[in-house]
Amino acid sequence: MSRIGKKPVDMPSGVSASVSGQTIEVKGPKGTQKFTATDDVTIVVEGEAISVTPRGKSKRARQQWGMSRTIVANLVHGVQNTFKKELEIQGVGYRAQVQGNVLKLNLGYSHDVDFAIPQGVTITCPRPTEIIVEGHDKQVVGEIAANIRDWRRPEPYKGKGIRYKGEYIFQKEGKKK
């Protein structure tokens, strides 16, 4: 039994949800988001809570049960607040800055990396070595942060690169003479 799926998702004041078929639409002060669930689960809005139940006892139905409940909870949180990922840049001469709708990254390549900021996501650089990605969709925020990190992953010998804030990079010992 899914322990996550059993718990109903509470809706805070100012947030409303409507279900049509397998699609749930959540409206809040920050916007509107939709999610279409698979046929293995049933989504029901009951008063100030949203509950997800499986349609059967198959393994796939139980898998979709917990995942669908988590996605619905993220929709409710996203229309009320924002999701945030913080990145740190480490390395001599490595820096970032936002110019208009483009994130300019100087990462030791022979050219600057221009990363176009997509709609629905806000990227800020309070310091040249810090990047903050914010948005209302948890998956999109995580994906954008991962794409930025992929331009220069932290390497294990000196630790240079782009890393998530608080991420631990295991340091390897270099060559010995």
Does [X] share a hydrophobic cluster with [Y], counting links as ILVMFWY side-chain heavy atoms below 4.5 Å and allowing steps through other members?
X: Val98; Y: Val113; value: yes
X: Leu107; Y: Ile169; value: no
X: Val76; Y: Val140; value: no
X: Ile117; Y: Trp151; value: yes
X: Ile162; Y: Ile123; value: yes

**Message:** Using the side chain to side chain contact (heavy atoms under 4.5 Å, CB included) definition, which of the options Asp112, Asp114, Ile131 pairs with Leu105?
**Reply:**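 Among Asp112, Asp114, Ile131, the one meeting side chain to side chain contact (heavy atoms under 4.5 Å, CB included) with Leu105 is Ile131.
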
Can you tell me how far apart [atom1] ([X]) and [atom2] ([Y]) are? Round to the nearest 0.5 Å.
X: Thr122; Y: Ile132; atom1: OG1; atom2: CD1; value: 11.0 Å
X: Phe35; Y: Ile71; atom1: CZ; atom2: CD1; value: 4.0 Å
X: Ser58; Y: Gln64; atom1: OG; atom2: CD; value: 9.0 Å
X: Thr38; Y: Trp65; atom1: OG1; atom2: CH2; value: 13.5 Å

Do [X] and [Y] have side chains that get closer than 4.5 Å, going by heavy atoms?
X: Arg69; Y: Val9; result: yes
X: Glu167; Y: Glu88; result: no
X: Ser68; Y: Asp40; result: no

**Request:** Give the ring-plane orientation class for Phe83 versus His77, where under 30° counts as parallel, over 60° as perpendicular and anything between as tilted.
**Result:**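 The arrangement is tilted - the two ring planes meet at 30° to 60°.
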
Return the minimal non-hydrogen interatomic distance between [X] and [Y], and the atom names on each side.
X: Gly159; Y: Gln90; value: O-OE1, 3.6 Å
X: Gln80; Y: Ser13; value: OE1-O, 4.0 Å
X: Ile89; Y: Pro128; value: CD1-O, 4.1 Å
X: Arg152; Y: Tyr94; value: NE-OH, 3.6 Å
X: Gly56; Y: Ala61; value: O-CB, 4.2 Å

Are there more than 12 heavy atoms of other residues, nucleotides or ligands under 6.0 Å from atom [atom1] of [X]?
X: Tyr109; atom1: OH; answer: yes
X: Tyr157; atom1: OH; answer: no
X: Glu155; atom1: CD; answer: yes

**Request:** Look at the side chain of Arg163 and the backbone N and O of Pro154, then say whether any donor-acceptor pair between them is shorter than 3.5 Å.
**Result:**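 Not at all, since once roles are kept as given, no pair shorter than 3.5 Å links the two residues.
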
**Asked** Can any side-chain N or O of Arg149 pair as donor or acceptor with the backbone N or O of Leu87 at less than 3.5 Å?
**Response**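 Not a single qualifying donor-acceptor pair exists.
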
Side-chain donor-acceptor contacts of residues 41-55 below 3.5 Å, not counting sequence neighbours, with atom names and distances?
unit_1, atom_1, unit_2, atom_2, d
Thr42, OG1, Arg55, NE, 2.8
Arg55, NH1, Asp39, O, 3.3
Arg55, NH2, Gln22, OE1, 3.0

N/O donor-acceptor pairs under 3.5 Å from side chains in residues 23-33, not counting sequence neighbours:
unit_1, atom_1, unit_2, atom_2, d
Thr23, OG1, Thr36, OG1, 3.2
Gln33, NE2, His136, O, 2.8

